[in-house]
Amino acid sequence: MKYGYFDDNNKEYVIDRPDVPVSWTNYLGVNDLCTVISHNAGGYSFYKSTEHHRVTRFRQNGIPLDRPGHYVYIRDDETGEYWSVSWQPTGKDFTKAKYICRHGLSYSKFQCSYNDIEAEQTLFIPLGDDVELWDVNIKNTGSKPRKLSVFSYLEFSFHHVEIDNQNLQMSLYASGSNYGDGIIEYDFFYEPWTYHFFASNFNPDSYDCVRDSFIGNYRTETNPAALEQGRCSNSSELGGNHCGSLHKKIFLQPGENNRLIFMLGVGSREEKGKAIKQKYSNLQAVDSAFEDLKNYWIKKTSIFQCKTPHKGLDTMINIWTLYQAETCVVWSRFGSFVEVGGRVGLGYRDTSQDVMGVVHSNPEKTKFRIIQLLRGHTSMGYGLHLFDPDVFEPAENKLPGVKLPTVVPKQNIADIVHGMEDVCSDDALWLVASICEWVIENGELNFFDRVIPYADGGEGTVYEHIKKILDFSAKYIGANGICQGLRADWNDCLNLGGGESAMVSFQHYWAIEIFIDSAKQLGRKDDVIKYSKMAAKVKVACEKELWDGEWYIRGFTKKGIKIGTNKSEEGKIFLNAQSWAVYSGVASGERAEKCMDAVDKNLYSSYGIHLVLPAYSKPNDDIGYITRVYKGIKENASIFSHPNPWAVIAECKLGHGNTAMKFYDSILPYNQNDIIEIRQAEPYSYCQFIMGKDHSAHGRARHPWLTGTAAWFYTAVTKYILGIQPSYNGLKIDPCIPSDWNEFEVERKWRGAIYKIKVKNPEGVEKGVKSILLNGKNVNGVIPIQDKGTVNEVEVIMG
Ligand code: NOJ
């Protein structure tokens, strides 16, 4: 069953059947103001943080789904009938009213056609202003003149996630609303940073600032009293729950249309509201803001564009996977319908990995994130697992503290620099690769010399920070010479403490090799020697201790018991131990082939590759929390999405283009567009996990958007399947494709030059490059970095 389709020309996903099984969301905003919005216009806005600076309210995990939202209602003033431009909240019979939602890049458009009225509501946040615009266009397509009323509706939040949900004896009386100059103003405790406004491009005929006046008693957003009355009650109050409803009566001749703009903004009426109202009352300003946003995404997506025989791959890589990876970097992992505030900041490992995927399309934000992460890096060498980067900001950049009587005081540095008991063994290792990738992409070698403080005092250059990361992993090894698991490794639920993690040792080897490449560039010969020895030692330990005969084990408990061995009853084989053995470069030859064959044989399914099998069924705290999670869910034998691209990369390293594509295809959301009754979640976004075969809902996907899967699949496809890899010396081209691909094309912008790459595969191979022509001349090895402003034709023959 399907609910929509991909519209590549407009870079949109179109939902033409609104009763989707779960909320299909989108993200508006690319700077400080964000709205997470569903296909039914349900959702919420926040400014910088989902914890504090919440703007509109959301009743998470509630019923009905996704309430409240950012709604526009239309009322026929002659009959009293009313409906909403999005299917919900009025939920009109969609066999009589036609509803379409178009999720685009940083905007969502709701379209409704009912009773000879066509209406459209486009929500977006302009690049330069902290305001969400609702561009509403209503057209009379019938033959009779129509008298209509248009109402907006949103519900303001009590600003802080905790205050919004608890101790209401305080918060209910701390918020106030007022109306003036056509603008609703809302504040909390009169604190300057809590002011929001709601305005429009018209003089309202009536308004409501008080939620309960608009909705009425014993009613919901589905049947608000104001819509029945045909006008708002001009309510405002100090205390209570507040909303933004502005009402306008319009008269439309047949064929006539009217465009209304609503503006939800951050700041007070005087400081921001009046100027914004004036600015966006000019429809040209709205159009050009929308155009700017479109161009913003055209610029980003044009850095890497591919044309291959695989339509779904093209759509996902050229548009959606990049968009998802960007979203994770911009908003971190803490604003969705699942992550709704309270847990905020930067997850060390998550952000480090997210950065890696978009160093080309977002050099500024990724650099900013890398610096934030380095400030959260300790002089001991480990990163702070989850931290508020604001704490390390110079005072003038900090968000205002929350000084309210009901709230826990703000954290300070001493509170958040945790000790060894909370260290995750993998966290900072990811950052090594992110930094090196960032430098290679952007060519700023002197970034390694930049001095950045340690979280616990003192400072070091970026280069020194990296060495501390690698030295930390070399120091914290267990009885078998493998890295200790500590609080957890990539797998949050594998809690091995002083036991050992194969994945981290593989990852350590990988990070050292990446660092050595940079150390060579910088001419640090001593470090090249020192770290080459370290890498060799890690490799020897891995090969000696971790091979199990058919595959690599996942580690040891602190009692020395092997995990992920053929002899285990449960948790026999883990994906990451195999993919990372190969991806890291530790495993080669027969072992590499065998362990990836074991993945295909034991873990593969038509919805993706399982993280581990068989699932654990008995709690075992020596292994960790994984043994207490239900079978087939999350870390306990689900198809955890994030590690799937590592398996694709591993197959590419082995030259198995057909298997790499089989793995890619199995989990590709695009491919599940027509089986939504199984997947349920959006087909344009990877989810955190998919229920595994030991679960009754095998194939159901959960937790969209905020997962490292997007960045890693972007890497897996662009760098390993299509094989376009920037390096210090130039552009390396080393594809690994299905043997039935005859050719593909990529246009890549890198360091100011354009490379138009045509790859031909006349012999139907999976890997191997026979010849490369750059602007008609033969090239051996990598393509040298070309001058800025040049357009270069590259022809690659595989064979
Ligand atoms: C989700 C967490 O955000 C991520 O850090 C972790 O690696 C995975 N779960 C696997 O446990």
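No hydrogens, no waters, no symmetry mates; every other heavy atom, side chains included, goes into these values. First listed ligand is number 1; within each ligand, the first listed atom is number 1.
Between R487 and D492 there is no salt bridge, since no side-chain N of the basic residue sits under 4.0 Å from a carboxylate O of the acidic one. Ion pairing between R628 and D621 holds under the 4.0 Å rule for side-chain N and carboxylate O.
In terms of protein heavy-atom proximity, atom 4 (C) of ligand 1 is nearest to D350 OD1, 3.2 Å. Nearest protein heavy-atom contact of atom 10 (C) of ligand 1 is E635 OE2, 3.2 Å. Protein heavy atom closest to atom 2 (C) of ligand 1, with residue, atom name and distance, is D492 OD2, 3.4 Å. What sits closest to atom 7 (O) of ligand 1 on the protein, heavy atoms only, is W490 O, 2.6 Å.
For the pair K467 and F472, the cation-pi criterion (under 6.0 Å, within 45° of the ring axis) is not fulfilled.
Within the 4.0 Å heavy-atom criterion, the part of Q688 lying near ligand 1 is the side chain and not the backbone. With a heavy-atom cut-off of 4.0 Å, H642 does not touch ligand 1 at all.
Side-chain contact, Q484 with K558: no donor N or O sits under 3.5 Å from an acceptor N or O. Judged purely by distance below 3.5 Å, without hydrogens or angles, the side chains of E326 and S361 pair a donor atom with an acceptor atom.
Each of the following atoms of ligand 1 lies closer than 4.0 Å to a heavy atom of R349: 4 (C), 5 (O), 6 (C), 7 (O). Against a heavy-atom cut-off of under 4.0 Å, N491 is close to the following atoms of ligand 1: 11 (O).
Other residues, nucleotides and ligands contribute over 12 non-hydrogen atoms within 6.0 Å of the CD atom of E421.
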